[in-house]
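Starting from 1, each residue takes its place in the sequence as its number. What you see is a predicted model, and the numbers here were worked out from it, not measured in a lab.
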Amino acid sequence: MHTSQDHAGARQRRAGIVADQVISAPDGLPAGTAARAASVRGVAASVGLPRTGALVPVGTDDGRWMRPASVQGVSGSSRDLVAVQDLDVRQGRLDALGPGRVAVDALLAKAAHARVGHRLALHLPDGTKISPTVVAIYGRGLGIAELTLPRAALIGHVTSSFDSDVLVRDAGGAGPRWVALGRAGPAKGPARGVSPRAGPSLS
């Protein structure tokens, strides 16, 4: 069913995915795919993104409950991330993302009373509780992901270590060679290039 929230998410994906190319595969992409893409001549930045979910305590006092939130893990540097995604940072600095740190969507941050410089408690898919420090609050979580963590924070706590997508920013002339590289990477099935304007699948 299409709702206003669906449409808002689609708008955020279109605005937020600024990569020149997006590659995905039905069963995911091995972690090394992003690194192989980065080695291709003409690629300026390449970021692998495993996607999962987490539970975040929201509300206050007796009305406190666990809210599901979408999560993306980031391989590579925060500089690479901003080359392929525009998360619409409202507070803080995305380049401060690193071990023990998290960036949070503004609506989730409001519900969880999260602030830059403070810790945010959350539960990973295997039940592990972590409390990373919030370094940025951004506006496009509905269309991209409500929580952004380093990839290493997720691996070991999810059922699959494969990346859902690899986002690539070209420096010029990398297109066909990059797609060919991606076709060699997925664990199962052929890889498929996806228009960045459509955004990555969140399924």
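Residues Leu149 and Val71 form a side-chain contact, since some pair of their non-hydrogen atoms from C-beta on lies under 4.5 Å apart. In this structure, Leu108 and Val58 have side chains that are in contact, with non-hydrogen atoms separated by less than 4.5 Å. Counting only heavy atoms from C-beta outward, the side chains of Leu124 and Leu154 approach each other to under 4.5 Å. Between Asp80 and Ser46 the shortest side-chain heavy-atom distance does not fall below 4.5 Å.
When the salt bridge (charged side-chain N to carboxylate O under 4.0 Å, His left out) test is applied to Arg90, the partners found at least two apart in sequence or on another chain are Asp88. Every side-chain hydrogen bond (donor to acceptor under 3.5 Å, both in side chains) that Arg93 has, sequence neighbours left out, goes to Asp95. With sequence neighbours left out, Ala152 forms a side chain to side chain contact (heavy atoms under 4.5 Å, CB included) with no residue at all. Scored by the side-chain hydrogen bond (donor to acceptor under 3.5 Å, both in side chains) test, Arg151 finds Asp163 as partners (sequence neighbours excluded). Every residue meeting the salt bridge (charged side-chain N to carboxylate O under 4.0 Å, His left out) condition with Asp86, not counting sequence neighbours, appears here in chain and number order: Arg140. Residues meeting the side chain to side chain contact (heavy atoms under 4.5 Å, CB included) test with Pro68, sequence neighbours left out: Leu55, Trp65.
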Quick one: do Leu29 and Ile23 satisfy side chain to side chain contact (heavy atoms under 4.5 Å, CB included)? Show the steps, please.
CA-CA 9 Å; Leu29 299 158; Ile23 194 167; 4.0 Å; yes

Test side chain to side chain contact (heavy atoms under 4.5 Å, CB included) on Gln5 and Leu142; report intermediate values, then the result.
CA-CA 8 Å; Gln5 189 175 55; Leu142 180 62; 3.7 Å; yes

Stepwise, does the side chain to side chain contact (heavy atoms under 4.5 Å, CB included) test hold for Asp170 with Gln21?
CA-CA 8 Å; Asp170 294 346; Gln21 301 180 61; 3.0 Å; yes

Using side chain to side chain contact (heavy atoms under 4.5 Å, CB included), reason through Val74 and Leu49 one step at a time and then give a plain yes or no.
CA-CA 5 Å; Val74 177; Leu49 298 168; 4.1 Å; yes

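Closest approach of Pro125 to Val158, counting heavy atoms only: CG-CG1, 3.9 Å. Taking both residues in full, the closest heavy atoms of Arg64 and Pro57 are given as NH2-CB, 3.6 Å, listed atom of the first, atom of the second, then distance. Between Ser75 and Ala34, the shortest heavy-atom contact is OG-CB, 4.0 Å. Among all heavy-atom pairs drawn from Pro150 and Gly98, the shortest one is CG-O, 3.1 Å. Closest approach of Pro30 to Phe162, counting heavy atoms only: CA-CD2, 3.8 Å.
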Would you be so kind as to tabulate the donor-acceptor pairs closer than 3.5 Å made by side chains of residues 131-139, with sequence neighbours excluded?
| unit_1 | atom_1 | unit_2 | atom_2 | d |
| --- | --- | --- | --- | --- |
| Tyr138 | OH | Ala145 | O | 2.6 |
| Tyr138 | OH | Glu146 | O | 3.4 |
| Tyr138 | OH | Leu147 | N | 3.4 |
| Tyr138 | OH | Thr148 | OG1 | 3.0 |

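Residues Val89 and Val84 are members of one and the same hydrophobic cluster, defined by side-chain heavy-atom contacts under 4.5 angstrom among Ile, Leu, Val, Met, Phe, Trp and Tyr. Linking ILVMFWY residues whenever their side-chain heavy atoms come closer than 4.5 Å, directly or via other members, places Val47 and Ile17 in the same cluster. Hydrophobic clustering places Val56 together with Val104 (ILVMFWY residues linked when any side-chain heavy atoms are closer than 4.5 Å, directly or through intermediates).
Atom OG of residue Ser4 and atom CZ of residue Arg11 lie 8.5 Å apart, to the nearest 0.5 angstrom. Here Leu97 contributes atom CG and Arg79 contributes atom CZ; the two are 16.0 Å apart, rounded to the nearest 0.5 Å. Remark: Ser24 OG to Asp27 CG distance equals 11.0 Å, nearest 0.5 Å. Of the inter-residue distances, the one linking Ile144 atom CD1 with Gln12 atom CD reads 7.5 Å to the nearest 0.5 angstrom. Here the straight-line distance linking atom CZ of Arg67 with atom CG of Leu107 works out to 7.5 Å at 0.5 Å rounding.
Screening residues 103-130 for salt bridge (Lys or Arg N to Asp or Glu O under 4.0 Å), with sequence neighbours left out, gives no hits.
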